[in-house]
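Quick notes on the structure that follows.
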Amino acid sequence: MTNYTAPRTWIPGETPTDAMLNAQIRDNEIELMKSVGVFGHNFSGSPAAGGVIPFRMQCGSNVVTSDPAGLATVTFPIAFPGICMTVILTNGDSSSNGDLTFATNGIFQSYFGYGTFRSGGLVATQTHRINWLAIGW
């Protein structure tokens, strides 16, 4: 059984915050990924001692604000038991921040870091939506 977050009825005049909306989206994305087997789904991978590497994939969409140096981090919903090999990043809101690009600067078992760029270089304290796909085992 899937345990989606209960739908929220907004009160007239109430302004939902980013945190409220992101919590609803995050909870539903996690439950959806569990229900279709994204977490822990095993794909045939490179040969390893004693067998095959069980690849895992996770994905998400987060609203993040880069720090004063133009860097930011995202925590995976579930840490990779081995390593995270790669993270693919895309701009999740090209209508308001279409000129932003992203590049990873550190990939770990439980999170990844990245830089936020415009043509002039790193962009400090920029709020943006980032879509990501992480692959590891």
* Under the side-chain contact (heavy atoms from CB on, under 4.5 Å) rule, what do Leu100 and Arg118 come out as? Steps first, then yes or no, please. => CA-CA 5 Å; Leu100 288 180; Arg118 279 205 169 94; 3.7 Å; yes
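Ile135 and Phe112 are assigned to two separate hydrophobic clusters, defined by single-linkage of ILVMFWY side chains at heavy-atom distances under 4.5 Å. Grouping the Ile, Leu, Val, Met, Phe, Trp and Tyr side chains by contacts below 4.5 angstrom, directly or via other members, places Leu89 apart from Phe117. Connection of Trp137 to Leu133 is established within a shared hydrophobic cluster, with ILVMFWY side chains joined at heavy-atom distances below 4.5 Å, either directly or through further cluster members.
Tested against Ile130, the residues Val63, Val64, Asp93 include a single side chain to side chain contact (heavy atoms under 4.5 Å, CB included) partner, Val64.
Considering only heavy atoms from C-beta on, Asn91 comes within 4.5 Å of Phe102 through its side chain.
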Could you list the donor-acceptor pairs under 3.5 angstrom formed by side chains in residues 66-87, with sequence neighbours left out?
unit_1 : atom_1 : unit_2 : atom_2 : d
Ser66  : OG     : Val123 : O      : 2.9
Ser66  : OG     : Thr125 : N      : 3.2
Ser66  : OG     : Gln126 : N      : 2.9
Asp67  : OD1    : Ala69  : N      : 2.8
Asp67  : OD1    : Gly70  : N      : 3.0
Asp67  : OD1    : Leu71  : N      : 2.9

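Between Tyr114 and His128, the ring center distance clears the sub-6.0 Å criterion.
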